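In the text below, chain A, chain B and the rest are named by the order of the sequence lines, each starting its count at 1. These figures come from a predicted structure and were not determined experimentally.
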2 protein chains.
Amino acid sequence: MTAPPLPRSTADARRATVVARAVTVFARHGYWATPVADVAAAAKISPAYVFRLFDGKLGLFLAALEHCFTRILATLDESADRSAGEAPAVVLERMGDAYAQLIADRDLLLLQVHALSAADVPEIAEALRGGYARVVTLAKERSGAPDPAVQQFIALGQLCHLIVAAGLQGLPAGWAQLLTAGMAHPDRGGG
Amino acid sequence: MTAPPLPRSTADARRATVVARAVTVFARHGYWATPVADVAAAAKISPAYVFRLFDGKLGLFLAALEHCFTRILATLDESADRSAGEAPAVVLERMGDAYAQLIADRDLLLLQVHALSAADVPEIAEALRGGYARVVTLAKERSGAPDPAVQQFIALGQLCHLIVAAGLQGLPAGWAQLLTAGMAHPDRGGG
DNA sequence: GCTGCTTGTGAGTGTTCAATCACTTACATG
DNA sequence: CATGTAAGTGATTGAACACTCACAAGCAGC
């Protein structure tokens with residue numbers, strides 16, 4: 001009753017698919033509460049092979065985090081492209097909108113929340129700082145906005161994390177609507 | 001070689017001290033990566049007794065989180081007292097300063113980060129929402145500031161969490177200084 | 001003293017999970 | 001077909017940990 005043997009692939013290709021699945025799986029329950037076997041199952045390979053492809057659970061998580069930041073940077077960069085030539089404040093606002101759109105994805109934002117919580121592991125803290133270094137630098141350089149505006153941009157990003165992780169979007173309470181005001185709505189699908 | 005028996009105390013008093021220690025211990029490594037035995041050791045009682053005083057590990061964490069929010073609300077309330085009669089924006093800014101001072105404490109901010117990461121546990125998400133409901137409501141009512149200002153206040157609070165958890169304060173890099181600009185400095189203590 | 005209640009613990013139990021290893025299976029090349 | 005190499009797995013191990021329970025030790029009232 002084992003699954004039919006998958007078509008073989010190179011280790012590199014397999015690693016790439018596992019990383020992509022790992023982002024989603026780790027995003028659900030975080031680093032410590034996610035067994036490697038869950039990622040393996042999502043990637044449809046055996047746990048043993050995951051350990052062969054990555055340097056332990058930590059290596060797997062770090063790869064997922066790296067992938068996460070790569071995708072976020074791509075999103076922001078793309079957004080900056082679309083508002084080229086606009087005033088700094090406008091560019092930054094558009095980037096903020098693009099980031100808020102990721103609330104629908106959930107995965108990329110949640111993984112950052114989990115990584116922050118696991119930042120007592122030095123390697124994770126290091127990867128996190130590396131990621132934010134790139135995000136802040138990109139936001140500043142591509143918008144040309146002054147430091148305080150960039151700081152506020154990042155702060156709003158962190159607020160997005162709170163909204164997603166605590167499940168605030170769509171809550172009727174006034175305090176929740178106050179926090180989510182101006183944020184992209186998640187499952188407004190077909191509109 | 002067992003520790004000399006502690007002076008007896010009532011269960012309620014013991015619970016209170018355990019909760020206070022639990023805030024610190026959970027703040028270090030988070031919910032999943034912290035064994036109950038670590039909290040017990042910090043409180044100098046046996047793990048078995050912790051399970052008797054609280055409803056499982058989850059009950060212990062929830063009590064710690066509640067305690068955390070109580071202390072934060074007290075801090076904010078106190079700050080509002082000190083700036084009574086000032087303009088809304090000023091009151092809010094003073095509250096922000098008071099919150100940023102907690103960066104030195106670390107514990108209260110870190111516990112929120114960990115709670116957010118563990119918010120896939122329904123009870124933790126619920127407690128978190130309850131806490132933020134009170135924080136937002138207090139900030140709005142005591143400052144009288146408009147919604148967007150309160151939203152920004154909370155966003156800056158989340159930025160504080162990032163700074164503490166990722167260890168950004170004191171980093172020489174430009175992007176880090178951009179993020180920490182205006183935040184209270186932690187251990188500028190005795191030299 | 002004795003009795004009964006509360007505080008507190010030592011010694012377990014069962015489970016979960018990271019990591020390893022010996023092994024098998026597919027494919028490329030001669 | 002033979003043979004080497006890389007992909008992939010089942011079985012297992014050892015440790016950590018949440019939680020339990022039978023029991024001990026202190027303190028009240030008699």
Q: Write down the distance between CZ (A:Arg52) and P (C:dA22), rounded to a whole number of angstrom.
A: 12 Å
Q: Check the distance between D:dG8's P and A:Arg14's CZ and give it to me in whole angstrom.
A: 4 Å
Q. In whole angstroms, how far is the C1' atom of C:dA18 from the CZ atom of A:Phe61?
A. 16 Å
(Q) Measure CG/B:Asp38 against P/D:dC17 and give the value in whole Å, please. (A) 7 Å
Q | Qualifying residue, where the test is side chain to side chain contact (heavy atoms under 4.5 Å, CB included) with B:Leu76 and the options are B:Met95, B:Arg94, B:Arg71 | A | B:Met95
(Q) Go nucleotide by nucleotide along DNA chain C from the 5' end; which of A:Val36 and A:Ala48 gets its closest nucleotide reached first? (A) A:Val36
**Q.** Heavy-atom pair with the smallest gap, counting every atom of A:Lys57 and A:Tyr31
**A.** NZ-O, 2.9 Å
(Q) Please report the distance, rounded to the nearest Å, between CZ in B:Phe54 and C1' in D:dT20. (A) 18 Å
Q.
Considering every strand and a 4.0 Å limit on heavy-atom distances, what is the contact class for A:Ala11: base, sugar-phosphate, or nothing?
A. sugar-phosphate
Q: Please determine, for the side chain of B:Lys57, which listed nucleotide (D:dC19, C:dC17, D:dT20) has the closest atom?
A: D:dC19
Q. So does B:Asp120 pair up with A:Arg28, basic N to acidic O under 4.0 Å?
A. no
Q | Derivation of the ring-ring contact (aromatic ring centres under 6.0 Å, His included) call for A:Phe54 and A:Phe61 | A | CA-CA 9 Å; A:Phe54 296 90; A:Phe61 187 80; over 10 Å; no
Q) How close or far is atom C1' of D:dT20 from atom CG of B:Asp55, stated in whole angstroms? A) 14 Å
**Q.** Whole angstrom value for the distance that separates P of C:dT7 from OH of B:Tyr49
**A.** 5 Å
Q | Of the listed nucleotides D:dG8, C:dA18, D:dT9, the one nearest the side chain of A:Pro35 | A | C:dA18
Q: Would you mind reading off the distance between B:Trp32 atom CH2 and C:dT16 atom P, rounded to a whole angstrom?
A: 12 Å
